[in-house]
J.: 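Shown below is the structure under consideration.
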Number of protein chains: 2
Amino acid sequence: MADVAALAGVSNQTVSRVANNRSNVEEETRQRVLSAMRVLGYRPNTAARALVTGQFRTLGLISSTLGTFGNARTVEAVTRAAQRAGYTVNMVAVETRTERAVHEAFGRLTMQAVDGIVLIEAQILDTPALRLPPGVPVVVAGGDAGHHHAMVDTDQALGARLVTRHLLDLGHETVWHVSGPEDSYAARHRAASWHATLKEAGAAVPPVLYGDWSAAGGHEAGRHLARRPGVTAIFAANDQMAIGVLRALAEAGRRVPGDVSVAGFDGLDEAAFLSPPLTTVRQDFDVVAERIVSLLIDQIATGAAPGSAVLLPPRLVVRESTGTPPR
Amino acid sequence: MADVAALAGVSNQTVSRVANNRSNVEEETRQRVLSAMRVLGYRPNTAARALVTGQFRTLGLISSTLGTFGNARTVEAVTRAAQRAGYTVNMVAVETRTERAVHEAFGRLTMQAVDGIVLIEAQILDTPALRLPPGVPVVVAGGDAGHHHAMVDTDQALGARLVTRHLLDLGHETVWHVSGPEDSYAARHRAASWHATLKEAGAAVPPVLYGDWSAAGGHEAGRHLARRPGVTAIFAANDQMAIGVLRALAEAGRRVPGDVSVAGFDGLDEAAFLSPPLTTVRQDFDVVAERIVSLLIDQIATGAAPGSAVLLPPRLVVRESTGTPPR
DNA sequence: CCGATCGATGTTCACGTAAACATGGCCGAT
DNA sequence: ATCGGCCATGTTTACGTGAACATCGATCGG
């Protein structure tokens with residue numbers, strides 16, 4: 001910066017003003033400084049800037065795996081939204097799902113330079129009310145409204161209700177559910193809403209099967225269900241598990257949707273091209289991410305209290321994998 | 001830090017030494033400082049540290065979409081590998097595939113504080129030889145060995161050769177190819193190797209169909225192929241497109257593998273649970289990422305010349321979607 | 001028993017930037 | 001004509017840390 005100042009024949013401060021697009025610099029001076037910057041290949045030093053301003057223009061992002069479609073899409077959408085807002089994203093992957101791991105990630109991030117943190121919380125943590133060290137704004141993507149941070153999520157309950165109702169409306173006596181892991185908030189919300197919807201409709205509530213969000217997990221659950229007579233409708237808690245369920249049914253010679261209807265959740269792009277094309281609930285990850293980032297940036301700017309919970313409606317996409325039950 | 005020093009009754013420098021785990025501090029003093037840190041909730045300031053050391057312990061990661069399985073897996077694996085090495089990952093998503101966009105991302109990143117950059121280069125850039133501003137170590141994940149940076153990738157050519165040979169060995173007269181977009185290095189490598197393998201075997205080389213890595217793109221290509229008599233083997237350049245191809249064949253009433261064999265590429269977890277389970281080429285993204293990160297950190301540490309190109313072998317996974325041609 | 005050496009600790013300084021305050025010239029209102 | 005105020009610019013300083021160098025006491029070899 002000193003070199004630029006010298007070359008342009010101005011003071012350091014004027015260079016700083018130009019670098020930060022301040023208005024109170026004469027046009028001619030600005031041009032002189034800009035060209036000096038170009039000549040010298042000047043790049044402002046973020047560390048120095050952050051040191052003096054206390055701002056990093058960086059958001060931390062804590063996620064577990066990118067192997068589930070929802071996480072990957074959320075991470076990408078958050079990154080894009082942050083970029084649009086002039087922020088960079090610092091990613092941390094947590095290996096395990098314990099609170100300690102998240103705390104560690106959190107530490108790594110606050111030690112690193114972030115202004116706020118997005119926690120993609122597919123997993124329920126050790127303690128019911130997630131309490132992270134204070135001082136850094138946090139927005140949780142998915143989870144319970146219960147804890148002490150702002151939260152944004154697709155309305156999982158609504159989504160589960162939509163699929164379950166859809167299957168009941170087709171005439172199925174009840175709907176079986178292949179849930180995600182028990183320690184996932186999303187999985188619990190979907191399962192709870194499926195349960196409630198069945199009860200409201202006066203339908204029997206069959207036992208829940210648990211998967212791990214993967215096709216392999218869905219396949220295993222599907223094999224149990226395929227052996228079970230009377231199963232005519234299955235709601236898998238995500239599309240990847242639904243793929244496994246479809247496969248298990250195919251292996252058992254049960255036709256979809258002739259013998260059994262299958263629906264998923266998430267809105268995987270590939271879902272439309274499975275055999276048969278999969279009925280699913282599409283989440284709008286872009287909007288979720290947009291809200292997450294704007295909420296977080298608000299918190300950073302105002303230092304205001306968190307606490308709000310935003311739920312965004314998903315949309316039921318009916319395809320060929322669901323139909324009327326066999327007579 | 002000053003507060004900690006005061007509370008522990010030592011100098012700033014001693015606190016710094018403890019914070020950096022230097023050996024030359026007496027155990028008792030260290031404990032006193034550590035407890036003072038705990039009491040005051042001290043966290044070292046990364047910005048100040050970076051300002052004085054010139055190191056950020058951060059890697060930049062430039063990627064296009066996370067929608068393709070390969071990218072998502074690579075991003076996750078790189079993040080994990082970087083974490084293990086004590087680095088944080090700063091992610092930038094480029095919207096378009098032009099060189100300008102990458103340059104912009106690059107600028108955003110060098111302006112931000114990174115010690116090195118990983119470029120996940122699914123797309124060919126405007127200029128054939130990618131030339132980025134010098135001064136920052138770069139490792140390219142995928143791409144041509146031609147350009148001026150270190151490169152690590154799965155051996156795409158080997159993978160494509162394995163699938164193509166596999167299909168020829170089953171007795172197919174030739175193999176059709178649904179390629180990824182023309183501006184993708186990976187797509188080009190796979191297509192070129194498919195082409196060469198056919199020629200080596202003396203098989204006819206059918207025209208290439210192009211997709212965009214998505215199931216929808218694969219579906220469209222698949223519809224063309226399904227109408228075409230004499231097509232008995234299809235190699236899709238990734239698993240997601242293979243899903244679309246499978247669907248198109250199913251819609252056209254052509255049986256897999258009875259009438260047509262289909263193989264993919266990548267090793268999508270779901271591939272094993274499609275109907276039929278998909279033959280594919282599995283890339284070991286974890287190892288690729290490991291190498292990328294270690295290469296990059298080496299470059300950062302030594303400031304040494306780049307230039308090396310590392311190719312890691314993929315593995316053919318044969319499943320039920322490929323079989324002998326119809327007689 | 002004394003000087004050399006070494007380990008623990010302290011002191012000073014620079015890193016690159018933007019905030020706060022200072023300066024000086026110009027313009028418009030009285 | 002004079003003065004207040006505003007605008008462009010300059011000067012000084014602090015941000016929190018680690019490197020370099022300084023100091024001091026203890027230990028050890030001759």
Side-chain angles (χ1 to χ4, degrees), chain A residues 1-37 40-58 86 88 107-115 135-136 300-301, chain B residues 1-37 40-58 86 88 107 110-115 135-136 300-301:
Chain A
M1 185 185 245
D3 296 344
V4 173
L7 180 57
V10 298
S11 71
N12 278 13
Q13 187 55 33
T14 299
V15 177
S16 166
R17 282 192 260 258
V18 172
N20 290 287
N21 256 316
R22 289 285 153 64
S23 56
N24 50 346
V25 178
E26 204 162 359
E27 189 50 32
E28 191 211 309
T29 312
R30 171 190 307 280
Q31 290 307 331
R32 215 166 57 238
V33 172
L34 285 176
S35 85
M37 283 178 172
L40 296 171
Y42 168 78
R43 293 205 168 283
N45 178 315
T46 319
R49 185 175 277 182
L51 180 59
V52 72
T53 60
Q55 295 254 331
F56 304 96
R57 308 291 296 174
T58 295
T88 279
R108 186 192 293 276
L109 231 35
T110 53
M111 221 181 73
Q112 205 58 24
V114 300
D115 300 312
V136 182
I300 293 169
Chain B
M1 186 185 243
D3 295 345
V4 173
L7 180 56
V10 299
S11 71
N12 278 13
Q13 188 56 33
T14 299
V15 176
S16 167
R17 283 193 258 258
V18 171
N20 290 289
N21 255 316
R22 290 287 153 67
S23 56
N24 51 347
V25 178
E26 204 162 0
E27 189 50 30
E28 190 211 309
T29 312
R30 173 191 305 281
Q31 291 306 331
R32 216 167 56 238
V33 172
L34 285 176
S35 86
M37 284 178 171
L40 296 170
Y42 168 78
R43 293 205 166 282
N45 178 316
T46 319
R49 184 175 279 182
L51 180 60
V52 71
T53 61
Q55 295 255 332
F56 304 96
R57 308 292 296 175
T58 296
T88 279
T110 53
M111 222 182 70
Q112 204 59 24
V114 299
D115 301 311
V136 183
I300 293 169

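Chain A is the first sequence line, chain B the second, and so forth, proteins listed ahead of strands; every chain is numbered from 1.
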J.: What is the separation between atom CZ on B/F56 and atom P on C/dG16, rounded to the nearest whole Å?
T.: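 That distance rounds to 10 Å.
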J.: If you measure from CD on B/E26 to OG1 on B/T29, what distance do you get to the nearest 0.5 Å?
T.: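 Going from the CD atom of B/E26 to the OG1 atom of B/T29 covers 5.0 Å.
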J.: Would you give the length of the straight line joining atom CE of A/M1 to atom OG1 of A/T14, rounded to the nearest 0.5 angstrom?
T.: 9.5 Å
J.: Could you run down nucleotides 13-24 of chain D 5' to 3' and tag each one B, S or - for protein heavy-atom contact under 4.0 Å?
T.: --BBBBBB----
J.: Over how many whole Å does the gap from A/E26 atom CD to D/dG10 atom P extend?
T.: 11 Å
J.: Return the CD to CZ distance between B/Q13 and B/R22, rounded to the nearest 0.5 Å.
T.: 8.5 Å
J.: Rounded to 10°, tell me the angle between the two end axes of the helix from C/dC1-D/dG30 to C/dT30-D/dA1, each built from five pairs.
T.: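 Answer rounded to 10°: the end axes differ by 30°.
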J.: Using whole Å, what does the distance between atom C1' of nucleotide C/dC21 and atom CG of A/N24 come to?
T.: 14 Å
J.: Could you tell me the separation between the CD atom of A/Q55 and the CG atom of A/D115, rounded to the nearest 0.5 Å?
T.: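 Answer for the CD-CG pair, A/Q55 versus A/D115, is 5.0 Å.
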J.: Is there a side-chain contact between A/R30 and A/E27 (heavy atoms, below 4.5 Å)?
T.: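 A/R30 vs A/E27: side chains touch.
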J.: If every non-hydrogen atom of A/R49 is compared with every non-hydrogen atom of A/A19, which pair is closest and at what distance?
T.: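 Heavy atoms of A/R49 and A/A19 come nearest at NH2-CB, 4.1 Å.
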J.: List the residues meeting side chain to side chain donor-acceptor pair (under 3.5 Å) with B/R17, not counting sequence neighbours, and say none if there are none.
T.: none
J.: Can you measure A/N21 atom CG to C/dA18 atom P for me and round it to whole angstrom units?
T.: 12 Å
J.: Distance check: side-chain N/O of B/T14 vs OP1/OP2 of C/dG10, anything under 4.0 Å?
T.: yes
J.: Just wondering, do A/R32 and A/V18 contact through their side chains at under 4.5 Å, heavy atoms?
T.: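 Heavy-atom side-chain distance check fails, nothing below 4.5 Å.
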J.: Rounded to whole Å, how long is the line connecting atom CG of A/L40 with atom P of C/dG16?
T.: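 Distance, rounded to whole Å: 14 Å.
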